[in-house]
Amino acid sequence: MKTIIPFNRPYIAGKELDYIARAVNENRRISGDGPFTRKCQQWLEKTLGAEKVLLTHSCTAALEMSALLCDIGPGDEVIMPSFTFVSTANAFVLRGGTPVFVDIRKDTLNIDEELIAGAVTAKTRAIVPVHYAGTPCDMDMIMGVAREKGLRVIEDAAQGHLSTHRGRYLGTIGDLGCLSFHETKNIISGEGGALLINDPEMIDRAEMIWEKGTNRKRFFRGEVDKYTWVDIGSSYLPSDIIAAFLYAQLEMAETIIAARRRIFGLYMEGLKDLEARGVVRLPAIDAECMCNGHIMYIITRSLEERTRLTEYLQDRGIKAVFHYVPLHSSPMGQKHCRTHGDLTHTNEISNRLLRLPLYYEMTDTEVERVITAVIRGS
Ligand SMILES: *Cc1c(COP(=O)(O)O)cnc(C)c1O
């Protein structure tokens with residue numbers, strides 16, 4: 001009996017528990033904004049080249065902070081793909097905003113940059129590009145449209161750790177960038193995230209929103225003589241215990257991503273004949289980008305073929321999974337959102353996309369087993 005190949009297996013880098021013990025026993029500082037939080041923020045600022053980073057308890061929280069920072073209110077429109085996770089849209093709906101869905105490209109599965117300008121109205125306030133599978137959107141084009149129309153850009157880089165677009169890290173190009181350290185992502189802390197603030201003018205307010213709408217940070221820096229309630233906000237900081245876990249992962253980030261990229265490469269090589277025969281499509285690789293090996297997916301020719309292949313793999317102990325139910329087709333999407341143009345690729349691809357197992361500790365034999373099964377089952 002062959003062992004099961006799971007879809008994902010969270011990787012533990014090694015020092016997580018040591019660092020948590022240090023937070024608990026030595027630092028005696030386990031609430032938010034403690035020593036490990038600051039270490040993580042500095043690591044991210046330095047490595048990615050972000051102006052300012054604030055750790056959050058999730059990428060969802062970072063997106064919600066972004067909606068607050070951009071003053072999204074009732075009637076304001078925010079352009080984004082429908083092919084994404086609910087939080088991308090939910091953060092703006094919480095403020096009374098209206099997500100406007102634009103179709104994705106069939107090669108990168110990211111928002112079709114060419115369609116964005118046409119979706120802009122007098123009510124548009126922001127664009128939220130989602131870097132699906134860690135594959136960069138064309139940020140030059142998106143920033144160009146945003147500048148021309150006076151819009152904010154919030155990158156949903158939940159899956160984009162350490163991927164680059166023309167040499168720049170994802171999350172550092174828009175006004176704001178949101179990362180996720182959820183257990184299913186490349187770098188993890190169970191639940192976790194970060195807000196990257198690239199517009200220096202937004203930093204002060206971001207710190208206040210992060211700390212329940214108070215000027216606590218300014219108080220501790222000695223900039224004000226008492227701390228008080230000065231803005232709307234919430235509790236978006238993670239405990240320093242979570243940050244301690246995360247710091248152990250960040251120290252290993254380059255290694256983790258290199259391993260994932262290697263596995264991704266084995267899949268691409270092993271499945272290229274299947275793609276050449278027109279049986280499946282593989283992720284598009286752009287020479288201008290460095291991709292972090294977050295997701296290995298294939299696109300089958302039909303929903304029926306995907307269903308059959310998923311079962312074939314399941315029968316052989318291999319767990320492959322589909323991805324998003326497009327948001328425009330969900331009950332909340334129909335109630336609170338609007339679509340611009342038709343969403344042909346979004347509908348098509350969500351029915352035909354299948355994600356294959358990919359995790360740090362996956363062995364070459366396991367990758368080989370999946371490749372063989374995909375070829376035989378297609
Ligand atoms: C995972 C994910 C999120 C949410 O991240 P959390 O940290 O779980 O809140 C948001 N957007 C995208 C595109 C994601 O993949």
Side-chain angles (χ1 to χ4, degrees), residues 1-11 81-85 103-110 130-135 159 182-186 256-286 291-326 329 343-378:
M1 179 61 195
K2 282 192 166 167
T3 51
I4 304 280
I5 300 182
F7 171 66
N8 181 40
R9 197 173 135 77
Y11 174 62
S82 167
F83 186 70
T84 182
F85 187 63
D103 205 7
I104 52 172
R105 286 163 53 157
K106 63 190 279 223
D107 54 355
T108 61
L109 315 194
N110 286 331
V130 178
H131 304 291
Y132 183 72
T135 302
Q159 306 174 9
H182 185 264
E183 175 180 297
T184 51
K185 306 299 201 272
N186 285 14
I256 293 170
I257 282 158
R260 297 188 70 108
R261 279 170 54 78
R262 198 184 74 82
I263 296 167
F264 183 89
L266 292 176
Y267 270 129
M268 293 296 283
E269 181 61 28
L271 294 172
K272 70 173 191 223
D273 288 348
L274 203 60
E275 181 175 50
R277 286 195 278 123
V279 181
V280 297
R281 273 207 299 119
L282 302 179
I285 305 282
D286 183 337
C291 208
N292 64 4
H294 178 55
I295 296 175
M296 176 63 205
Y297 64 78
I298 58 176
I299 298 169
T300 60
R301 285 175 297 202
S302 65
L303 174 60
E304 295 69 37
E305 283 193 11
R306 180 180 76 178
T307 308
R308 234 184 305 121
L309 179 59
T310 310
E311 282 165 13
Y312 181 90
L313 296 173
Q314 177 77 36
D315 289 345
R316 278 148 194 84
I318 298 165
K319 187 79 187 140
V321 293
F322 57 83
H323 216 171
Y324 308 122
V325 172
S329 67
L343 302 186
T344 311
H345 296 315
T346 304
N347 291 326
E348 269 294 306
I349 283 163
S350 58
N351 279 333
R352 289 162 41 201
L353 179 133
L354 187 64
R355 291 178 293 160
L356 304 178
L358 203 177
Y359 45 92
Y360 180 88
E361 289 158 306
M362 198 172 180
T363 63
D364 287 13
T365 319
E366 286 174 325
V367 181
E368 245 350 283
R369 225 179 97 196
V370 180
I371 291 171
T372 307
V374 169
I375 293 170
R376 291 205 183 128
S378 290

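Each residue takes its place number in the sequence, starting with 1.
Listed by chain and number, the residues in a salt bridge (charged side-chain N to carboxylate O under 4.0 Å, His left out) with E368 amount to none (sequence neighbours excluded). For T84, the side chain to side chain donor-acceptor pair (under 3.5 Å) test picks out T88, with sequence neighbours left out. Partners of R376 by salt bridge (charged side-chain N to carboxylate O under 4.0 Å, His left out), not counting sequence neighbours: none found. Under the salt bridge (charged side-chain N to carboxylate O under 4.0 Å, His left out) criterion, D364 pairs with R262, not counting sequence neighbours. In this view, N186 and R260, H294 satisfy the side chain to side chain donor-acceptor pair (under 3.5 Å) rule, not counting sequence neighbours. Residues forming a side chain to side chain donor-acceptor pair (under 3.5 Å) with T372 (at least two apart in sequence, or on another chain): none. Legend: residues meeting salt bridge (charged side-chain N to carboxylate O under 4.0 Å, His left out) with D286, ordered by chain and number and at least two apart, are absent. T300 meets the side-chain contact (heavy atoms from CB on, under 4.5 Å) test with E305, R306, L309, R352; sequence neighbours excluded. Applying the side chain to side chain donor-acceptor pair (under 3.5 Å) test to N347 and every residue at least two apart in sequence or in another chain returns H328. When the side-chain contact (heavy atoms from CB on, under 4.5 Å) test is applied to K272, the partners found at least two apart in sequence or on another chain are E269. For the side-chain contact (heavy atoms from CB on, under 4.5 Å) test, residues two or more places apart in sequence or in another chain that qualify with T365 are T363.
Residue pairs meeting the ring pair (Phe, Tyr, Trp, His ring centres under 6.0 Å) criterion with at least one partner in residues 299-324, sequence neighbours excluded, are F83-Y324, Y132-H323, Y132-Y324.
The two residues D107 and R281 have their closest heavy-atom pair at CA-NH1, 4.3 Å.
The shortest distance between side-chain heavy atoms of M296 and M268 falls below 4.5 Å.
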